[in-house]
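These figures come from a predicted structure and were not determined experimentally. Numbers for residues simply follow the sequence, beginning at 1.
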Amino acid sequence: MNQNTNKSVLILGANSDVAKQCIRQYISKGFYVMAASRNTQSLEDFAIENNLDRSKITILYFDAADFDSHQKFYTELPVKPHIAVYAAGFLVDNQKALTDFKGAKQMMEVNYMGGVSILSIIAMDKKNKNLERIIGLSSLSGVRGRKSNFVYGSTKSAFTQFLAGLRQELASRKIIVNVLVIGYIRTKINEGLELNESLIMEPDYVAGFVVNAGNSFTIVPNFKWKIIYHIVRLLPESLVAKLP
C-alpha cells in the first residue's frame, strides 16, 4: 500500500502550469489532492484530459486576493491538509506596474498578501495535527532588486521572507516550511517574453522539486539556476544594476 494513501495536500493557485503537474505527481504518490483556483473549469478539463482518479482529487474555488473569504474557505475544506502548497502568481510588465498601480497592486495581492493570509490561517490552526509541511513558490526575481522587474521581484522577496519567518514560527511543532526559488519556466505567465532557451525549465521538472521537497528551506531547481542564484546574491550592487 502506498505510504501516502491517507495523506492530503492542498494546492492553492492550482491552475498554474507547475501546480497542475504537482497535482499529477502527488496523486501518483497516493495523496488526496484539494486543487483550489479561481478557474475551476480549467482544472476540471485538466483532470479529464489526464484521466485523473476522481476519488483522489477535489476541485475547489479559491481567490487569493479575496482575503475576507479565506477563513471560510479553510473551514469548509473536506479535510485539513498534511501539506499546503501556495502556487498562485500574477505578473505584469515592470513599466506598466510603475505607471498603472492597479497591476502592481494585483501582483502584491496575489503573490504576497494572499499567501500571508491563507497560509497564516493554515499554520495557526493548531487543531490540525496532520499539518507537516508548507511550500511556497517564489522566484529568483525576489533575490535582488533589478531594473527590469523589481516591482514583481519585491512581491516575491516579501513572500520569501514571510516563509522564512514562518519556518521559524513552526519549528517547535515540527512543521517544515520550504520555498522554491525558481528561474524561467515554460509556462503561460512567461509567454511572449524573450528568455534564454537553455535556461527554461519544464513545469513537470519543477513540480518534482515541490513534491519531493526535503528539509532545506531554500530549494533552487536546476544546477544552472543554483549557480545563478548564488552569483546574484553575491554580486555588488553596481553589477546587479547592469544585469538584463
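The distance from atom CH2 of Trp225 to atom CG of Leu140, rounded to the nearest 0.5 Å, is 6.0 Å. Note that CG of Leu163 is 13.0 Å distant from CD of Glu169, once rounded to the nearest 0.5 Å. The NZ atom of Lys96 sits 12.5 Å away from the CG atom of Leu98 when rounded to the nearest 0.5 Å.
Between Phe159 and Tyr86, the ring centre distance stays below 6.0 Å.
Considering only heavy atoms from C-beta on, Asp63 stays 4.5 Å or farther from Phe73 through its side chain. With a 4.5 Å cut-off on side-chain heavy atoms, Val18 and Ile185 count as touching. Val33 has its side chain out of reach of Ile83: every pair of non-hydrogen atoms, C-beta onward, lies at least 4.5 Å apart. Residues Val85 and Leu10 form no side-chain contact, since every pair of their non-hydrogen atoms from C-beta on lies 4.5 Å or further apart. Looking at Pro78 and Leu60, their side chains come closer than 4.5 Å, going by heavy atoms from C-beta outward. Taking 4.5 Å as the limit, every side-chain heavy atom of Arg186 sits out of range of all side-chain heavy atoms of Val206. Using a 4.5 Å heavy-atom threshold, the side chains of Arg133 and Ile175 count as separate. A heavy-atom distance below 4.5 Å is not found between the side chains of Phe62 and Thr40.
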Evaluate the side-chain contact (heavy atoms from CB on, under 4.5 Å) criterion for residues Tyr32 and Ile57: first the C-alpha distance (whole Å), next the side-chain angles of each, then the deciding distance (0.1 Å), finally the verdict.
CA-CA 6 Å; Tyr32 164 63; Ile57 181 172; 5.9 Å; no

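For the pair Lys80 and Tyr74, the distance from NZ or CZ to the six-membered ring centre is under 6.0 Å and the angle to the ring normal is within 45 degrees.
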With a 3.5 Å cut-off and sequence neighbours excluded, list the donor-acceptor pairs that the side chains of residues 43-52 form with protein atoms.
residue	atom	partner	partner atom	Å
Glu44	OE1	Arg54	NH1	3.3
Glu44	OE1	Arg54	NH2	3.0
Asp45	OD1	Gln41	NE2	2.9
Asn50	ND2	Phe46	O	2.9

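Of the residues Glu109, Gln71, His70, the one that meets the side chain to side chain donor-acceptor pair (under 3.5 Å) test with Ser117 is His70.
Arg167 CZ: more than 12 foreign heavy atoms inside a 6.0 Å radius.
Electrostatic pairing of Lys174 and Glu132 does not count as a salt bridge here, judged by no charged N lying under 4.0 Å from a carboxylate O.
Between the side chains of Ser37 and Asn15, not a single donor N or O lies within less than 3.5 Å of an accepting N or O.
Residues Gly30 and Lys56 approach most closely at O-NZ, 3.3 Å, considering heavy atoms.
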